[in-house]
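Please read the structure below before turning to the comments.
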2 protein chains.
Amino acid sequence: MKVKKPKTRQKDTKQLILDSAERFFAREGFHVTSLRAITGAAGVNLAAVNYHFGSKEALLEAVFERRLIPLNQVRRDKLEQIRDEAVEKGKRPSTKKVLQAFIEPTLRFKESEPGAEDFIALVGRSFTDPDDTVRKIFFRLIGPIFELLFETLRDALPELPENLLYWRLHFALGALAHTMHMSGCDKFLPVGFSDGCGTESLLSMLIPFVTAGMEAT
Amino acid sequence: MKVKKPKTRQKDTKQLILDSAERFFAREGFHVTSLRAITGAAGVNLAAVNYHFGSKEALLEAVFERRLIPLNQVRRDKLEQIRDEAVEKGKRPSTKKVLQAFIEPTLRFKESEPGAEDFIALVGRSFTDPDDTVRKIFFRLIGPIFELLFETLRDALPELPENLLYWRLHFALGALAHTMHMSGCDKFLPVGFSDGCGTESLLSMLIPFVTAGMEAT
DNA sequence: CTTCGATTCAAACATATGTTTAAATCGAAC
DNA sequence: GTTCGATTTAAACATATGTTTGAATCGAAG
């Protein structure tokens, strides 16, 4: 007995709760969602949340971490690769490539696994969530990668005043967040416009938009 | 007795509730805010909300309408003026002017009256609010002006495919919403960056950004 | 089969919420 | 000063929430 082999069921229960919570948090919001709704839809007992996670807040944290840690790893790798490449060539990285390195994995993440689409909408919203609980957890996880993105962009646009760069980055993130949140866009869009809301299509529109904005004279 | 002259106090109470609610809804969110918090801070009785407004939901509606109706009027006037001017001159309106006509009154509104800053943050968030109550009320009020903005932009950029224009507009609105929400930005920003968050400064950064994005080739 | 820790379960708990109620209070009109 | 409708007030109501509890159940190890 080298390893504490927990019952097979435990993982199931935890995953079921995470999946259900992700769905509800994304579609209804953190505070509006009750644990009873989550556990009811997941088919597990109400007390399971507190048993496995400790509290509703800790559950939210787990929902974020499960997907955000891998996603951040991908984004970090891509950004660092671009930085190394630039140093190697002695040239500054291209603005478009930097933005793409951050945005593309983010939007593509939607299709990586079932449920990820809900998660992407959740993240898009968390940027501006009024609730302290949500924002605190979110920014703790997103902060470091945000700083790396900022620094890499500074390499790409060294002539831009830092303050301006900082705000333009926020404008770009605002556009991204809005896009992410409209992820499941069928319910928002007027008829005839829902064609262009596939990931590829969105990328081909969003990246030129933010690149042009970032490089505006 | 030509007119039902209600007691002087009624207006006070209603205004006090609206002010307090606006503040709480903006800073904490609709569902997280309790009527007891609102009435407590306003110094009025708990039941006053239901007496004067009917329900918490109706209160939210009143909070939106009080400021959004006048603000929309200003935006509508400016946009229609630009349209008329373009027709008169037989030229297409400039993209920048159109965006400016929408964005400038929005951001400037912050300084128009005390409390408006909270309201602007509230509006910025409502674009992506997960709660149906909030979103429904918000979109009912924002829908018509959004359509006018879309049509005016189509005049400015007739060669752009409608679908692309539509999404670029959403990107721009995302950037605007993000900016609005960071209205009281002191608490979000790292030290050294809070200089540039005055209204004038933000306008001079945001408008070129979205214009460039909208006109990107 | 028995044992034992991990997990599940139904029930209860304490608290907070939006809303309603019925009495009290106010302020002008007569 | 009395009257009457509008407003305010304190209390109660019904319900919903996150959490805790203690017994029941499970599943493998001995």
Side-chain angles (χ1 to χ4, degrees), chain A residues 1-25 27-64 130-134 136-137, chain B residues 1-25 27-64 130-134 136-137:
Chain A
M1 193 230 291
K2 40 209 29 183
V3 120
K4 272 264 215 51
K5 176 76 176 317
K7 209 168 25 161
T8 352
R9 186 67 204 284
Q10 168 178 4
K11 269 223 168 122
D12 286 0
T13 301
K14 278 185 96 159
Q15 295 298 334
L16 284 171
I17 292 175
L18 282 172
D19 291 341
S20 179
E22 177 175 73
R23 193 183 152 93
F24 274 99
F25 288 163
R27 303 192 178 191
E28 323 268 345
F30 175 65
H31 263 99
V32 188
T33 301
S34 70
L35 292 183
R36 284 167 177 83
I38 294 172
T39 54
V44 305
N45 189 274
L46 167 64
V49 169
N50 288 278
Y51 178 76
H52 286 290
F53 297 94
S55 69
K56 188 187 182 186
E57 190 169 326
L59 170 60
L60 176 66
E61 205 161 347
V63 166
F64 271 120
D131 186 62
D132 265 355
T133 311
V134 178
K136 262 206 252 186
I137 294 174
Chain B
M1 193 227 291
K2 43 217 11 192
V3 120
K4 271 265 217 47
K5 175 75 177 314
K7 208 167 27 161
T8 352
R9 186 68 204 284
Q10 171 178 1
K11 266 215 170 131
D12 286 0
T13 301
K14 277 185 98 159
Q15 294 299 334
L16 284 171
I17 292 175
L18 281 172
D19 290 341
S20 178
E22 176 175 72
R23 192 184 154 93
F24 274 99
F25 288 163
R27 304 194 178 191
E28 322 269 346
F30 175 66
H31 263 99
V32 187
T33 300
S34 70
L35 291 183
R36 284 167 177 83
I38 294 172
T39 54
V44 306
N45 189 274
L46 167 64
V49 169
N50 288 279
Y51 177 75
H52 286 289
F53 297 94
S55 69
K56 188 186 181 186
E57 191 169 324
L59 171 60
L60 175 66
E61 205 160 347
V63 166
F64 271 121
D131 187 62
D132 265 355
T133 311
V134 177
K136 262 205 258 186
I137 294 174

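The chains referred to below are lettered A, B, ... by the order of the sequence lines, with proteins before strands, and numbering in each begins at 1. The figures that follow rest on heavy atoms only: side chains count, while hydrogens, waters and symmetry mates do not. These numbers were taken from a predicted model, which means no experiment stands behind them.
Heavy-atom minimum distance, B:G29 versus B:T33: O-OG1, 2.7 Å. B:I17 and B:A48 get closest at one heavy-atom pair: CD1-CB, 3.9 Å.
Going from atom CZ of B:F64 over to atom CD1 of B:I137 covers 7.0 Å, rounded to the nearest 0.5 Å.
Between the A:K14 side chain and the A:F53 main chain, no donor and acceptor come within less than 3.5 Å of each other. In terms of modelled atom types and a separation under 3.5 Å, the side chain of A:K56 and the main chain of A:S34 share no donor-acceptor contact. A side-chain donor-acceptor contact under 3.5 Å links A:T39 to the backbone of A:L35.
Using a 4.0 Å cut-off, some side-chain N or O of A:T13 falls inside it from OP1 or OP2 of C:dT8.
Between the CG atom of A:L16 and the C1' atom of C:dT8 there is a distance of 14 Å, rounded to whole Å. A:D12 has its CG atom 14 Å from the C1' atom of D:dG27, to the nearest Å. Distance OH (B:Y51) to P (D:dA10): 17 Å, rounded to an integer number of Å.
Checking D:dA6, C:dT8, D:dA10 against the side-chain heavy atoms of B:N45 singles out D:dA10 as nearest.
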Could I get a table of every N or O pair under 3.5 Å where one atom is in the protein and the other is in nucleotides 13-19 of chain D?
residue: D:dG18; atom: OP1; partner: A:T33; partner atom: O; Å: 3.4
residue: D:dG18; atom: OP1; partner: A:K56; partner atom: NZ; Å: 2.8
residue: D:dG18; atom: OP2; partner: A:L35; partner atom: N; Å: 2.8
residue: D:dG18; atom: N7; partner: A:R36; partner atom: NH1; Å: 2.8
residue: D:dG18; atom: O6; partner: A:R36; partner atom: NH2; Å: 2.9
residue: D:dT19; atom: OP2; partner: A:N50; partner atom: OD1; Å: 3.3
residue: D:dT19; atom: OP2; partner: A:K56; partner atom: N; Å: 2.9
residue: D:dT19; atom: O5'; partner: A:N50; partner atom: OD1; Å: 3.4

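Two residues are said to be in side-chain contact when any heavy atoms from C-beta on lie closer than 4.5 Å; A:V134 and A:F25 fail this criterion.
Summary for the helix from C:dC1-D:dG30 to C:dC30-D:dG1: the axes at its two ends, each from 5 pairs, differ by 10° when rounded to the nearest 10 degrees.
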Does the pair A:L59 and A:L18 meet the rule for a side-chain contact (heavy atoms from CB on, under 4.5 Å), with working shown? CA-CA 8 Å; A:L59 170 60; A:L18 282 172; 4.0 Å; yes
